Amino acid sequence: MPVRTSAVAFLAMTALVSAHAATTPIPFPSNAPLKASLVTDDSTGSPTLVLENAQGKPLMQSRLGLRTTDVDLTRGLKAGPSSHHEVTEHYIMTTGKRLERSATMMETRFPFTGAGGAKLDVVVRTARDGIAWRYELPGSSNATVQGEATDFTFPEETTAWLLPYKPQYEGVRSQDSAYGSPVGDFGYPSLFEVNGDYLLVTESNTDGRYTGSRMRHGLDTTTYDLVLFDASASFHGSTPWRTVIAGDLATVTQSTLVDDLADPAKFTDTSWIKPGKVAWSWLSEHQSPGDAERQKAYVDFAARNHLPYVLVDEGWKDTWVPDLVKYAQARHVDILLWFRWTNLDTQDKRQAILPKIKGWGVKGIKVDFMDSDSQARYQWYDAILADTAKLHLMVNFHGATIPHGLARTWPHIMSMEAVRGTENDPPVYPNTVQPFTRNVVGSMDYTPVAFDAGPQMASIAHETALSVVFESGWQHLADSPEAYDKRPNALAFLDQVPTVWDETKLLSGTPGKNIVIARRSGKRWFIGGIRAGAGETLHLPLAALGKGDWLIDTVEDAPGEGRGDVIHRTVHGTGNTLDFVVQKDGGFAAVACPATAGRTSCYDPL
């Protein structure tokens, strides 16, 4: 009979109250608000990782180990002496919630010996914003892994926001208790809340050296087992990092831990990589990518509004794309092209196609419908990223897996989908969940800001704010030129918004209800606030942006219900809080800059 995981049972399972267990503290960087230990049960020889908050309250535990075709390294293990050292990472990103990154982590290596002298090392890295671990097999270069012992067990009172698993990650996350969530498989990243502490479970540094994984929940339990996508996977040095970002909601939202754990960039010259906004016609008019003249209208719109790119989606023809590229370049706009992944699934196909479009002047590609977390598909990602990097072609992956730190390793990745975005007509509710889940782990090509296209449930100010709330190196604006042109106040704001950031701050928010987030570019802060559900007042605390006087341009819904144009106003503030009364499924967008004599708006002259 299933047993509920009560707080007492949770502690018992960690073996913290057992006299037959060895407990080794795991060091964190100084002043980290987390604690962890590795507990090895003397009777079974099975190790467990235990995570607690700074007050010693349990947050999560995970069994450790893996099974190969030759040996079971989940039990009967004997621990050797552990060792640890500090790991410092300094690197520059081309996309993301901030460009300059610096991270200090502690790495602890726990060596184990199993049956027949087989070796297993559990390598743990801790940071102020979480913990991660991976497995290594010293002395083994050709092992085949058939599964891991890895699981994630939470206290009974845990709340969860879970995504039913599909390999393109396009479902809708639902809120439930960790205990009461449905039986089945769930995709990363999964968010859990334990009495005010938040944990985001995902993986990092996943590529063709291993297979992907997901979480599986059984009946009447708070345990989620890690399940490999492939029944067996060849092993090349180490597994991916099993990653848990932990802390308050701001810590989780602002975290860069997934990138911090990833392999460094494979090339250093990033001068050819240019993030930016993209005009995109497919959503508002599905047949338009096959119409050369209509694509010119999108080029003209991009040129008028200083958007650097137009994406020509499914339906383009090589008979007219070269001329479109020339037309666009004459107007200081570049062209991106859509591909089905099967058009580029072999080296021969890539060699025939990619140099050709590079010769036309195309700057990047959107690749679609991979729909797999298999090791073979990850090896394909490795291959196409290497080929596009050589040709200086930027990349956007759709129908894809989630980011695993790939944008650090391959800086020409501008975005990835792995979300139920605008093209699927999602409800408003997920807009207030994605910033705390999917978008935490990397750029997210949601294709936001749909005014007339789609179900038209969110307000115009809400849609406008999504250009800030959702981070993406290439931000594809989902509606037609006519939809934007008839709303000049919203368009004026969109013309200002960049797609790369120097800093990101969560100002307030509750998953599934609301969020106010600020992103800095230079001396200007761009703020997006959105609400799902009944109207309410959202707050912008100016002190969170820094000291001094602020000039703020705001974009708000006109009073009352409806989806007409938004209103624009410019206000001053010094350390106070601006209040925005938003309508049902509403929001606001704002840009704040230091108030200086003679300046009347934060909008830079175009």
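We number each residue from 1, following the sequence as shown. The basis for the numbers below is simple: all heavy atoms, side chains too, and nothing from hydrogens, waters or symmetry mates. What you are looking at is a predicted structure, and each value in this text was computed from that prediction instead of being measured.
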Exercise for the section: Check whether the side chains of Arg519 and Thr504 place a donor and an acceptor atom closer than 3.5 Å, and report yes or no. Expected result: yes
Handout entry: Pair Asp248-Thr251, side-chain donor/acceptor within less than 3.5 Å
Key = yes
Completion exercise
Tested for side chain to side chain donor-acceptor pair (under 3.5 Å) against Arg350, the lone hit among Thr388, Asp387, Asp345, Asn343 is Asp387
Exercise for the section: Could you tell me whether Arg242 and Glu203 make a salt bridge, using a distance below 4.0 angstrom between a side-chain N and a carboxylate O? Expected result: yes
Exercise for the section: Walk me through it: do Phe192 and Phe152 pass the test ring-ring contact (aromatic ring centres under 6.0 Å, His included)? Expected result: CA-CA 11 Å; Phe192 299 87; Phe152 307 91; 8.1 Å; no
Practice task
For Thr144 and Thr69, test the side chains for any donor-to-acceptor distance below 3.5 angstrom and give the result as yes or no.
Solution key: no
Problem - Any donor-acceptor pair under 3.5 Å from Thr342 side chain to Arg340 backbone - result: no
Problem - Modelled atom types, side-chain donor and acceptor of Gln146 and Ser232, under 3.5 Å - result: no
Handout entry: Heavy-atom donor-acceptor pair, Arg128 side chain to Pro29 backbone, under 3.5 Å
Key = no
Handout entry: Expected output: side-chain Glu193 to main-chain Thr159 donor-acceptor under 3.5 Å
Key = no
Practice task
Enter the distance from His412:NE2 to Ile365:CD1 here, rounded to the nearest 0.5 Å.
Solution key: 8.0 Å
Practice task
For this output row, return yes or no: ring centroids of Tyr135 and Tyr210 closer than 6.0 angstrom.
Solution key: no
Problem - Salt bridge Arg214-Asp373, side-chain N to carboxylate O under 4.0 Å - result: no
Problem - Pair Tyr381-Thr401, side-chain donor/acceptor within less than 3.5 Å - result: no
Practice task
Tell me, please, whether Tyr169 has Arg438 positioned over its six-membered ring: NZ or CZ under 6.0 Å from the ring centre and within 45 degrees of its axis?
Solution key: no
Handout entry: Side-chain donor/acceptor of Asn439 to backbone N/O of Gly442, under 3.5 Å
Key = yes
Problem - Glu136/Lys119 salt bridge by N-O under 4.0 Å criterion - result: no
Exercise for the section: Please check if any side-chain donor atom of Asp129 sits under 3.5 Å from a side-chain acceptor atom of Gln254, or the reverse. Expected result: no
Handout entry: Test: Asp151 and Arg63 ion pair at under 4.0 Å
Key = yes
Practice task
State yes or no: are the ring centers of Tyr188 and His404 separated by less than 6.0 Å?
Solution key: no
Handout entry: OG-CE distance between Ser415 and Met394, expressed to the nearest 0.5 angstrom
Key = 12.5 Å
Completion exercise
The single option from Pro264, Pro403, Ser204 that satisfies side chain to side chain contact (heavy atoms under 4.5 Å, CB included) with Arg408 is Pro264
Exercise for the section: Taking atom types as modelled, find out whether Asp368 and Trp338 have a side-chain donor-acceptor pair closer than 3.5 angstrom. Expected result: yes
Practice task
May I ask you to decide if Gly276's main-chain N or O and Thr499's side chain share a donor-acceptor pair within less than 3.5 Å?
Solution key: yes
Completion exercise
d(Phe397 CZ, Asp445 CG) to nearest 0.5 Å is 12.5 Å
Exercise for the section: Could you tell me whether Arg125 and Glu107 have a side-chain N and a carboxylate O separated by less than 4.0 Å? Expected result: yes
Practice task
Could you tell me whether Asp72 and Arg67 make a salt bridge, using a distance below 4.0 angstrom between a side-chain N and a carboxylate O?
Solution key: no
Exercise for the section: Say whether, by atom type as modelled, one donor and one acceptor occur between the side chain of Arg377 and the main chain of Met370 under 3.5 angstrom. Expected result: yes
Handout entry: Ser271 backbone acceptor or donor facing Lys274 side chain under 3.5 Å
Key = yes
Exercise for the section: Please examine the side chains of Trp133 and Thr150, heavy atoms only from C-beta on, and report whether any two atoms are closer than 4.5 Å. Expected result: yes
Exercise for the section: Consider only side-chain N and O atoms of Gln375 and Ser234, and report whether a donor and an acceptor are under 3.5 Å apart. Expected result: yes
Exercise for the section: State whether the number of non-hydrogen atoms from other residues, nucleotides or ligands found under 6.0 Å of Lys349 atom NZ is greater than 12. Expected result: yes
Exercise for the section: Mark yes or no for whether Arg134, through its side chain, and Thr239, through its backbone, hold a donor-acceptor pair below 3.5 Å. Expected result: no
Exercise for the section: Answer with yes or no after comparing the ring centroid distance for Phe436 and Trp161 against a 6.0 Å cut-off, counting only values under it. Expected result: no
Practice task
Could you go through the side chain to side chain contact (heavy atoms under 4.5 Å, CB included) check for Leu385 and Thr409 one step at a time?
Solution key: CA-CA 10 Å; Leu385 285 168; Thr409 308; over 6 Å; no
Exercise for the section: Give the intermediate values and the outcome of side chain to side chain contact (heavy atoms under 4.5 Å, CB included) for residues Leu120 and Val71. Expected result: CA-CA 11 Å; Leu120 171 70; Val71 64; over 6 Å; no
Practice task
Test Ile273 against Met414 for side chain to side chain contact (heavy atoms under 4.5 Å, CB included), laying out the working first.
Solution key: CA-CA 9 Å; Ile273 298 171; Met414 293 292 93; 3.2 Å; yes
